[in-house]
Amino acid sequence: MAETPGVDLSDPIPICPQTARSRVRWEDSLWTTCPSPTTGSFPNRCSATYICPTMQLVSKLFGRTLREAPNDAEMDCHIWLSRGGLIRRLASGLYAVQPLGQRAIRKIEALIRQEMEAIDGQEMSLPLVQPSELWEKSGRYQLIGSELVRFKDRSQHPMVLAMTHEEAVTQVASEELSSHRQLPFMLWQFQLKFRDEPRARGGLIRVREFTMKDAYSFHKDQDCLDEYYQRAYDAYVRIFRRCGIEPVIVQSDTGIMGGKVAHEFMLQSPMGEDNLILCPETGYSANAEIAVFAREGIPGEALPTESVPTPSKSSIEDVTKLLGIEAKNTLKMVMYGAEIGPKPEFVAVAIRGDLDVSETKVKNALKARVLFAATDDMIREAGLVPGYASPVGMKSGILMVDLSVPVSANLVAGGNEAGMHVRNVNFGRDFTCTGRFTEPVDVAQAAEGLLEIGGTHRLKAVRGIEIGNIFKLGTKFSEALGCTFQADDKSIKPAVMGCYGIGVGRLLASVVENSHDKDGIIWPKEIAPFQVHIVALGREPEILEDCVALAKELESAGFDCLLDDRDERPGVKFKDSDLWGIPVRLALGGKSREQGCFEWKLRSGGAMELFPKGEILDRLKAFYQD
RNA sequence: CGGGAUGUAGCUCAACUGGUAGAGUACCUGCUUUGGGAGCAGGUGGUUGCACGUUCAAAUCGUGUCAUCCCGACCA
């Protein structure tokens, strides 16, 4: 084999254990000073004074900072990622991640990789583009709407862009799996997903194309899954804590993933899209769409019904005003069309007026694919009058009665006649459960101030950004795709599965949302794109040389350094430094240099301190060892 | 998919009742300045989202369309 000239293969390029970056040794590196071609001296604005391949020079950093945020940035994380030059929008829900941002992404990925390996995960890679058949087999091809991008390849074969990878991983696993001896195992990847979201928002918080860490575990039985699920849960807590986030963990809906148990990891934030229901006293926590709570009844003897005219007063608000009662003394009907079987069915939910319907609960109780608001025609067809509907006199369709109704006496309900309501409607006497649901069901949305299920404490409601989720999938996918094994009793069984996801870009944005101030990002130690920001102040070559010497020393010890070598005024450099939020800032100016010291300042706060340059490395080690 | 708003320079925004494009910032050149987004001078950069229409004349008026953002709906 021909020798590559100039490369000594016996002396491989060392790899930094901390950053996983290969580094060229200093002795071999290109290290030049370059005077201005026009003046021959060090020019005012020289972007190529020093060239050094092993540290990042700000003069060479791709991506600039912005004085003002783009006007479409609403959330803080969007503002700071944009202003810092870490991301740039290409189209709705599609972002370019620039080098500084990509370095933070790589730090997050490295951290996640460690934790996945710690729970025996094996990293792999599955394709983004998949044949539609795979999704038809699992049933999700029909179930999912237009978020799933479908297209045909050149030979007219129907394909999809994967929104997630349960089908693919189960297919692959089914081809490898034959014996219970192979179980359990966990496979995971960093992989693109595409979801054609109807509404992208919040910068990287809700996008259409994104990288997700998705993990899938396979087990011989439920016990084994339960045990592993807890390990994954614990690993998730560690991941988020290392990102500086104390996650709020809630029970969640399993949606079209199937399965029974699922948890979401949330960053508590008023900007979040999910409503979370918490009970600090009992420790109960759940997403509001599935949270359970106790109904406070309205006791009383059933009084005779009485019709009252309520001309053109159909809303709960109007009726309560007119009759001088509270919302909780009313009964309202919320009507839907539900796609359960081949054709849509009419569904009416009877619920007390002070509560809202949880459409998630309705959907789950009905096992419906899609729920949509009923049209007036559908309502009339069921024998009801729009605006004045009542369960009394409903002729067809599915009636669901919420748990709040039977415990409340003498409610005001619609009269099933335009302009009429009826007082003192009572469950049991005037109407009852009929048809598919023979008993009252829980279909109300939990909210702040309602009673916790035990009936003694009040619930709290907060908002959150979902940063991770874990599901006990069960055998939905393994059965659909034939992922089976032979058990020790010789029987053939489907693998019991779990899945575990984290959106990497959303986590990055959440870290910023969770950790910033009025000047910019404050990176947690493990996520910062660089560990040290060295700022050379002043134009004397000696200052820059000292900074470079320090950067060399720190880089050799495994710290990654960003060196601001620009000929800019100090104010500009400090502003950018704050914007970028690297944990340790080491500045060197004329005065500090005379004392042989660097100015040590932590982005997270605290006073500036002067340390002799010989001490810097040890202090840095101590700081990063915490 | 409903409701609202907005599209003018890389970013933030002006331009009256129609008269032919402007500032700040950013960027480039030079000089001065150098500890918290400097000053002066000169300069680059726009088919005013797109199409059609009205008009002698359209950033401006009308119609359509596309895009973006916000509130809902939706969201493994």
Side-chain angles (χ1 to χ4, degrees), chain A residues 36 38-39 43-45 47 63-75 78-79 82-83 85 88-94 135 138-140 143-148 160 162-167 193-203 205-208 210 212 214 216 252-259 262 264 271 273-274 287 289 336 359-360 363 369-373 466 468-471 473 476-477 499-503 506 519-520 535-540 543 566-579 585 587-593 599 601 608:
Chain A
S36 157
T38 48
T39 64
N44 259 353
R45 306 222 184 275
S47 58
R64 63 169 159 231
T65 55
L66 301 176
R67 257 177 212 254
E68 287 172 286
N71 90 36
D72 60 2
E74 289 260 315
M75 290 182 73
H78 190 185
I79 291 171
S82 300
R83 284 198 53 195
R88 185 177 284 270
R89 198 181 71 88
L90 237 118
S92 179
L94 300 171
W135 288 68
S138 71
R140 294 209 289 186
L143 212 54
I144 298 175
S146 45
E147 309 95 284
L148 180 65
V160 301
M163 303 169 61
T164 177
H165 284 75
E166 281 78 17
E167 282 82 358
K193 313 281 183 246
F194 192 92
R195 294 177 196 177
D196 201 353
E197 292 282 351
R199 192 178 154 200
R201 52 178 304 202
I205 291 291
R206 186 167 206 78
V207 291
R208 296 196 290 174
F210 57 98
M212 177 178 261
D214 47 329
Y216 308 90
S252 68
D253 183 39
T254 51
I256 69 170
M257 297 292 270
E264 288 168 341
M271 298 302 290
E273 301 178 274
D274 288 276
N287 196 310
E289 57 186 14
Y336 298 100
E359 294 187 3
T360 302
K363 221 162 138 181
R369 295 189 300 274
V370 180
L371 207 60
F372 58 92
E466 181 186 341
N469 56 28
I470 57 178
F471 290 85
L473 287 179
K476 175 186 160 103
F477 290 95
C499 77
Y500 319 88
I502 294 177
R506 184 185 282 190
D519 296 313
V535 180
L537 304 172
R539 54 204 292 222
E540 296 80 9
I543 289 176
R566 293 173 299 177
D567 184 12
E568 282 286 357
R569 298 166 62 86
V572 172
K573 296 187 176 188
F574 288 141
K575 285 288 181 194
D576 282 344
S577 176
D578 290 344
L579 217 38
R585 187 184 82 195
L588 185 67
K591 283 174 219 149
S592 44
R593 184 172 179 276
E599 301 165 23
K601 177 99 168 62
M608 186 263 276

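Note on naming: letters A, B, ... go to the chains in the order of the sequence lines (proteins, then strands), and numbering restarts at 1 for each one.
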> What is the nucleic acid contact for A:Lys363, judged by heavy atoms within less than 4.0 Å: base, sugar-phosphate only, or nothing?
sugar-phosphate
> Expressed in whole Å, how much space separates the C1' atoms belonging to B:rG19 and B:rA58?
10 Å
> Looking at A:Arg208 and A:Leu94, would you say the former's side chain and the latter's main chain have a donor-acceptor pair under 3.5 Å?
no
> Pick the P atom in B:rA5 and in B:rA9, then give their distance to the nearest Å.
23 Å
> Tell me which nucleotide, if any, is Watson-Crick or G-U wobble paired with B:rU6 when both distances must be under 3.5 Å.
B:rA67
> Without hydrogens or angle criteria, can the side chains of A:Ser252 and A:Asn287 be said to hold a donor-acceptor pair below 3.5 Å?
no
> Using a heavy-atom cut-off of under 4.0 Å over every strand shown, decide if A:Arg593 touches base, sugar-phosphate, or nothing.
nothing
> Using purine N1 to pyrimidine N3 plus N6-O4 or O6-N4 for Watson-Crick, or N1-O2 and O6-N3 for G-U wobble, both under 3.5 Å, which nucleotide pairs with B:rU47?
none
> Measure from the side-chain heavy atoms of A:Arg83 and tell me the nearest of B:rC69, B:rG37, B:rU34.
B:rG37
> Just name whichever nucleotide pairs with B:rG72, Watson-Crick or G-U, keeping both distances under 3.5 Å, else none.
B:rC1
> Write down the protein N/O and nucleotide N/O pairs, taken from nucleotides 6-11 of chain B, whose separation is under 3.5 Å; answer none if there are no such pairs.
| from | atom 1 | to | atom 2 | distance (Å) |
| --- | --- | --- | --- | --- |
| B:rC11 | O2' | A:Glu68 | O | 3.4 |

> Taking B:rA15 as the reference, what is the distance to B:rA21 when you measure between their C1' atoms (whole Å, please)?
8 Å
> Measure CD/A:Glu197 against P/B:rA73 and give the value in whole Å, please.
15 Å
> Compare the minimum distances between each of B:rG37, B:rC69, B:rC74 and the side chain of A:Lys575, then state the nucleotide with the smallest one.
B:rG37
> Any base atoms under 4.0 Å from A:Tyr216, or only sugar-phosphate, or nothing? Heavy atoms, all strands.
nothing
> Rounded to the nearest Å, what distance is computed from the CZ atom of residue A:Arg208 to the C1' atom of nucleotide B:rU68?
12 Å
> Rounded to whole Å, how long is the line connecting atom CG of A:Asp567 with atom P of B:rU34?
12 Å
> How many whole angstroms separate atom CZ of A:Arg566 from atom C1' of B:rU33?
17 Å
> Hunt down the Watson-Crick or G-U wobble partner of B:rG30, both distances under 3.5 Å, from any strand shown, or write none.
B:rC40
> Could you check whether any side-chain heavy atom of A:Glu74 comes within less than 4.5 Å of a side-chain heavy atom of A:Arg201, counting everything from C-beta outward?
no
> Could you tell me how far B:rG72 sits from B:rG35 if I compare only their P atoms? Round to whole Å.
49 Å
> Select from A:Phe574 and A:Glu359 the residue whose nearest nucleotide in RNA chain B is closer to the 5' end of that strand.
A:Phe574
> Base, sugar-phosphate alone, or nothing: which one does A:Glu599 contact when heavy atoms must sit under 4.0 Å apart?
base
> Would you measure the distance from the P atom in B:rG3 across to the matching atom in B:rG10 and give it in whole Å?
33 Å
> Quick one: closest heavy-atom pair of A:Met163 and A:Phe194, and the distance?
CG-O, 3.5 Å
> Select base, sugar-phosphate, or nothing to describe what A:Gly589 touches, counting heavy atoms under 4.0 Å on all strands.
base
> Contact between A:Val572 and A:Phe574 at the side-chain level, heavy atoms closer than 4.5 Å - yes or no?
no
> Closest-nucleotide mapping onto RNA chain B: is A:Phe210 or A:Asp519 further toward the 5' terminus? I mean the 5' end.
A:Asp519
> Within the structure shown, what part of the strands sits under 4.0 Å from A:Ser577 by heavy-atom distance: base, sugar-phosphate, or nothing?
nothing
> Assign A:Ser82 to base, sugar-phosphate, or nothing according to its heavy-atom contacts below 4.0 angstrom with the strands shown.
nothing
> What nucleic acid atoms does A:Leu579 come within less than 4.0 Å of, heavy atoms only: base, sugar-phosphate, or nothing?
base
> Can you tell me if the side-chain N/O atoms of A:Arg67 get under 4.0 Å from OP1 or OP2 in B:rU25?
no
> Check whether the side chain of A:Arg569 and the base of B:rU33 form a donor-acceptor pair under 3.5 Å.
yes
> Side chain of A:Met608 only, heavy atoms from C-beta on: which candidate in B:rC69, B:rG37, B:rG35 is closest?
B:rG35
> For A:Leu537 and B:rU34, give me the distance from atom CG to atom P, rounded to whole Å.
14 Å
> Would A:Phe477 and A:Glu167 count as a side chain to side chain contact (heavy atoms under 4.5 Å, CB included) if you check the C-alpha gap in whole Å, the side-chain angles of each, and the deciding distance to 0.1 Å?
CA-CA 7 Å; A:Phe477 290 95; A:Glu167 282 82 358; 3.5 Å; yes
> Provide the Watson-Crick or G-U wobble partner of B:rG18, both distances under 3.5 Å; none if there is no partner.
none
> Identify the two heavy atoms, one from A:Asp196 and one from A:Ser146, that lie closest to each other, and give their separation to 0.1 Å.
CB-O, 3.6 Å
> Measure CD/A:Glu273 against C1'/B:rG72 and give the value in whole Å, please.
13 Å
> Given atom CD of A:Glu74 and atom C1' of B:rG4, what is their separation to the nearest angstrom?
14 Å
> Taking the side chain as everything from C-beta on, heavy atoms only, tell me whether A:Thr164 gets closer than 4.5 Å to A:Arg140.
yes
> With a 3.5 Å limit on both atom pairs, tell me what B:rG53 is paired to, counting Watson-Crick and G-U wobble, or say none.
B:rC61
> Consider the side chain of A:Pro198, meaning its heavy atoms from C-beta on, and name the nucleotide among B:rG35, B:rC74, B:rG36 that approaches it most closely.
B:rC74
> Any donor-acceptor pair under 3.5 Å joining the side chain of A:Arg201 to the base of B:rG72?
no
> Expressed as a whole number of Å, how far does the C1' atom of B:rU68 sit from that of B:rG45?
23 Å
> B:rG36 P sits how many Å from A:Lys573 NZ, rounded?
14 Å
> Is the backbone N or O of A:Lys573 less than 3.5 Å from a side-chain atom of A:Ser577, with the two atoms forming a donor-acceptor pair by type?
no
> If I take atom NE2 from residue A:His78 and atom CG from residue A:Asp72, how far apart are they, to the nearest 0.5 angstrom?
5.0 Å
> How long is the gap from CZ on A:Arg585 to CG on A:Asp578, to the nearest 0.5 Å?
6.0 Å
> Please report the distance separating the C1' of B:rA59 from the corresponding atom of B:rG43, rounded so that it comes out in whole Å.
26 Å
